[in-house]
Structure formats: structure tokens, C-alpha cells
Amino acid sequence: MKFGGTGVNSANKVREVAQLIKTHRTMGNEVVAVVSAIRGMTDDTLSVAGSIRNGQRVSIEEFMKSTRDSHMAILRDAIISKTIMKNAESLITQVLDELDKVLRGIVLLAEVTPKTLDYLLSFGERLSTPIVSYALQDIGIPSEYLTGKEAGILTDSNFGDARPLMDTTKLRVGLKITPLLANNVVPIVTGFIGADQHGVTTTIGRGGSDYTATLIASSVQADEVWLWSDVDGLMTADPKIVHDAQVLKEVSFAEALEMALFGAKYIHPRSFYPVIESNIPIRIRNALNVNQEGSIITTTPTKSSQKIVKSINAIRKTSLIDVSGGDMAGSPGTASRIFEILARNKVNIIMISQSPSESSISMVVRKSDLERATTALELNLLGKIIKKVNVMENAAIIAVVGSGMRGIKGVASKIFSAVARSDVNVIMIAQGSSELNLAFVVNDDDCEKTVRALHSEFKLGLAN
Ligand code: ASP
Ligand code: MG
């Protein structure tokens with residue numbers, strides 16, 4: 001079970017998490033829990049690091065005070081036993097003091113390397129996770145707190161986005177966690193963090209706690225992974241846009257991968273790989289609404305859950321860049337040079353399309369990357385292989401997802417007729433040959449009405 005940051009940001013919620021684990025254990029299950037930093041902690045730490053890096057004056061005292069206060073307040077109200085409280089306080093105080101020292105060191109050097117940043121970011125999980133472990137002990141459940149490193153998660157040294165070394169990790173985690181379970185202990189592990197082969201702390205990418213959970217699950221051959229967060233599950237559309245959006249009961253891994261980045265529940269995209277391999281289902285559940293069954297993600301959902309279209313996803317805050325020019329047509333290597341320049345400038349391309357005349361290539365990037373992207377293209381390629389760079393700043397990608405689309409005729413026509421009836425102009429289209437999704441770009445002003453039109457066209461508002 002993985003608990004997100006909104007599931008542990010108050011003493012009440014921590015107690016509920018402990019109860020939830022206890023309940024499922026009483027029902028005859030063995031549980032390993034993975035915990036994220038409390039909500040906002042990772043972002044706050046990042047912004048403090050950013051300010052130090054930019055030479056802005058930051059008040060370490062203020063940050064330390066609010067971090068100390070919030071964690072201590074949760075701890076004090078989540079635990080009743082005096083002895084357990086004493087142990088918990090002493091551990092948390094120790095971690096807080098270490099954080100204080102690290103921050104002062106960084107301020108002194110006025111430098112934040114990716115390595116230091118990972119160390120700094122690890123404190124969020126190192127503060128939240130032990131609290132849950134002590135809260136479990138407080139209600140009579142033996143529990144042991146482990147960092148990702150102690151649990152055996154070994155990664156490369158690509159700080160900020162480290163990749164776990166699978167085989168060794170599986171072996172080590174299995175050897176560490178299995179005996180604890182055999183002894184009736186509930187292991188509680190920090191999400192998001194591991195260590196490289198030198199023992200240096202690494203992080204595995206934002207939202208990485210999901211990934212930690214699936215890694216551990218595949219290492220101990222778990223029956224299921226449950227990702228507890230604050231949404232009811234994967235949905236037919238964003239409920240903020242479509243009022244009758246429904247929770248999807250069953251979704252395939254392939255479909256979930258398409259939805260993970262864009263739906264109401266962000267799932268770390270690499271989370272799926274460890275469990276796809278070992279065929280372990282993932283359940284998405286709402287810790288604030290435990291009666292809702294949530295969504296289950298499996299390799300082969302039941303026939304009855306298979307639909308042509310399952311969900312309409314909107315990817316907003318994106319921009320479209322169209323590059324064109326006489327020399328592009330028929331020159332091998334043009335696309336590669338364009339993408340290479342963007343890659344070198346750390347611009348991630350979300351969607352690509354090129355017409356067979358090869359006279360232009362359209363790309364969608366995050367809006368936050370737009371300036372970097374256009375500057376890089378203009379400086380390096382304008383006037384050479386490309387003549388023009390056109391930009392549409394406020395674009396939205398609409399991605400229609402469903403494995404039932406494969407081989408079915410008329411889906412595209414249905415989609416685009418509905419869009420046309422809503423008087424929306426389609427600017428760019430892409431469909432992978434897997435036919436699992438069809439994505440197109442519209443002006444962001446048209447985003448919501450397009451999502452609503454398609455949601456009703458495919459009758460996704462009816463309970464599935
Ligand atoms: N605390 C980390 C983050 O905010 C990891 C996670 O929440 O899964 O990205
Ligand atoms: Mg999170």
C-alpha cells in the first residue's frame with residue numbers, strides 16, 4: 001500500500017492510515033506500506049533550494065520552523081503511548097537537526113548540485129514515514145521503519161531521476177522485507193528515495209512513491225499494489241470538466257499508461273513496468289473515501305469492461321511549435337537535427353506530426369518549455385534548414401483512450417464529427433499504430449467543450 005502526501009498530512013489521517021493497515025492485516029493480509037512526504041513538503045523544499053541557488057535571501061529559520069511545527073504537531077496527536085511518543089520525537093528531532101545542518105551547509109556554499117538536492121529532498125519522506133510506523137506501533141501493530149536505501153533500493157547515480165537497478169534491487173528488497181513479513185512486522189518504507197552504489201541518496205523522479213511501491217511489490221511477489229491517494233480512481237474524464245465523469249472499474253496497463261500522466265490521478269509513468277512484468281494488479285483507491293472500490297489496473301481486464309473508448313483526457317498548459325521551410329523536404333536528418341537541438345536544451349516533446357510533403361513538422365511541448373524551445377530552434381536552425389517557426393502558445397491536447405479502438409472502423413470519424421459539431425477547430429492529429437489512443441490539438445479555449453462533447457458522444461457518463 002502506498003499512501004500519498006494528502007493521506008498523511010494530519011494526525012487524524014495518519015491514525016486512519018494506521019487503522020486501514022490494521023484492518024487489512026486482520027483480514028489475513030500481509031502489508032508493506034510506502035509513504036510520501038506530507039503534502040507540499042517536496043515543493044517547499046524545492047523552492048527553498050531554488051532560492052538558495054539563485055542567491056536570494058531565504059529564511060532557513062522560517063522553513064525549519066514550519067517543517068518542525070507541522071511534523072511535530074502530526075506526531076503529537078497521532079500517538080498516545082508515552083514511550084512510543086518519546087522514541088518518535090527523538091527520531092524526528094534527529095532528522096530535523098540533520099536537515100537544519102544540511103541547509104546551513106548549502107547556504108554557506110550558495111550551491112545546490114543535483115546530488116545535494118536529492119539528499120535535501122529525501123527529508124520529506126524521512127520525516128513523514130516514521131510517523132506512520134510509530135502510529136502503527138501505537139495501535140499494537142509491530143512495525144519497522146526503513147528508508148528506501150535500507151529497504152534495498154539501488155539506483156544509478158542520475159540524481160533527480162535515478163533509475164533503479166532492477167535485478168539487484170529485487171534481490172535485496174526481497175531479502176530485507178520478506179523476513180519482516182514472516183515475523184508479523186509491517187515494514188513502512190519511504191517512497192521516492194533510493195541510494196546509488198556508493199550509498200549516496202538518490203530520488204527516482206517526482207511522484208516516485210508509486211514507483212517505490214511497485215518495485216517493492218514485484219520484489220516480494222505481492223498479490224496486489226494499492227495506491228491510496230485522494231481521488232476515487234482513474235476516471236472517464238476530469239470531473240472538474242465533466243460533471244458526470246465516472247470512475248473506471250477496470251483498466252488495462254496499456255490504457256492506464258496513456259491516462260496516468262493526464263488524469264486526475266498522476267501516476268509516475270515508470271511505476272507500471274515492475275508490475276507489468278510480474279503481472280501484479282494495481283488498485284487506485286481513495287484514502288478519504290474508503291467505501292469507493294476504486295479502479296483496478298490489470299493485464300487483461302474482463303470482457304465486460306472493454307469499451308471502444310474509455311476516457312477523454314486533456315493535457316493542458318501546452319504549446320504548439322510548427323517549423324517549416326524550403327530545405328526541409330527531402331533532406332534526411334532534418335527531424336533528427338530539430339529533435340536533437342530540443343533534447344540538448346532539455347525540452348521534452350509531447351506530440352509530433354509531420355505531413356508527407358515534409359514541408360513542416362509540428363510539435364507540442366509544455367508551455368513552460370516554450371521559450372527555451374523557440375530560442376534554441378531560432379539560434380541554431382533558423383535560416384539554415386528551417387525558414388519559419390510558428391507558435392501557438394495556448395494549446396491543449398485531447399487524448400481519446402481505449403484499447404477497444406483497435407481495428408474498429410469509424411472511431412476517428414465519430415470523434416471528429418462530434419468535435420466539428422461543437423464548432424471546434426482541430427489543429428494537429430496523431431495516432432500511434434497501436435490504435436490505443438487518438439490525440440489531437442485544439443486551442444486551449446476550446447478544451448473543455450471538446451472534452452464534454454466527446455464524453456457524451458461515447459456515452460461515458462453512464463455507470464460502467
Ligand atoms: N514526495 C515526492 C514528490 O512530491 C514523491 C511522491 O510524492 O510520490 O514528488
Ligand atoms: Mg506525491
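Read the numbers this way: they start at 1 and go in the same order the structure lists the ligands and their atoms.
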*asked:* If we ignore hydrogens and angles and just use 3.5 Å, is the side chain of Thr450 paired with the main-chain N or O of Asp446 as donor and acceptor?
replied: yes
*asked:* Check whether Gln292 reaches the backbone of Asp232 with its side chain - one donor and one acceptor, N or O, closer than 3.5 Å.
replied: no
_Test your reading of the structure: does Asp210 have an N or O sitting under 3.5 Å from an N or O of ligand 1?_
no
*Do any nitrogen or oxygen atoms of Gly207 come within less than 3.5 Å of a nitrogen or oxygen of ligand 1?*
yes
State the atoms of ligand 1, each with its element, that fall below the 4.0 Å cut-off from a heavy-atom position in [X].
X: Arg206; answer: 3 (C), 4 (O), 9 (O)
X: Thr42; answer: 1 (N), 2 (C), 3 (C), 4 (O)
X: Ser36; answer: 6 (C), 7 (O), 8 (O)

_Assess whether a salt bridge exists between Glu61 and Arg68, defined as any Lys/Arg side-chain N lying under 4.0 Å from an Asp/Glu carboxylate O._
no
*Between Arg104 and Asp100, does at least one N-O distance fall below 4.0 Å, as a salt bridge requires?*
yes
*asked:* Tell me whether Gly5 reaches ligand 1 (any heavy atom closer than 4.0 angstrom to a ligand atom).
replied: no
*Verify side chain to side chain donor-acceptor pair (under 3.5 Å) between Gln137 and Ser143, making sure each step is shown before the conclusion.*
CA-CA 6 Å; Gln137 295 172 31; Ser143 166; 4.7 Å; no
*Does Arg270 count as lying over the ring of Tyr273, i.e. NZ or CZ under 6.0 Å from the six-ring centre, within 45 degrees of the axis?*
no
*Please state which part of Glu125 comes within less than 4.0 Å of ligand 1, counting heavy atoms only: side chain, backbone, both or neither.*
side chain
*asked:* Is the contact between Ser209 and ligand 1 made by the side chain, the backbone, both, or neither, using heavy atoms and a 4.0 Å cut-off?
replied: both
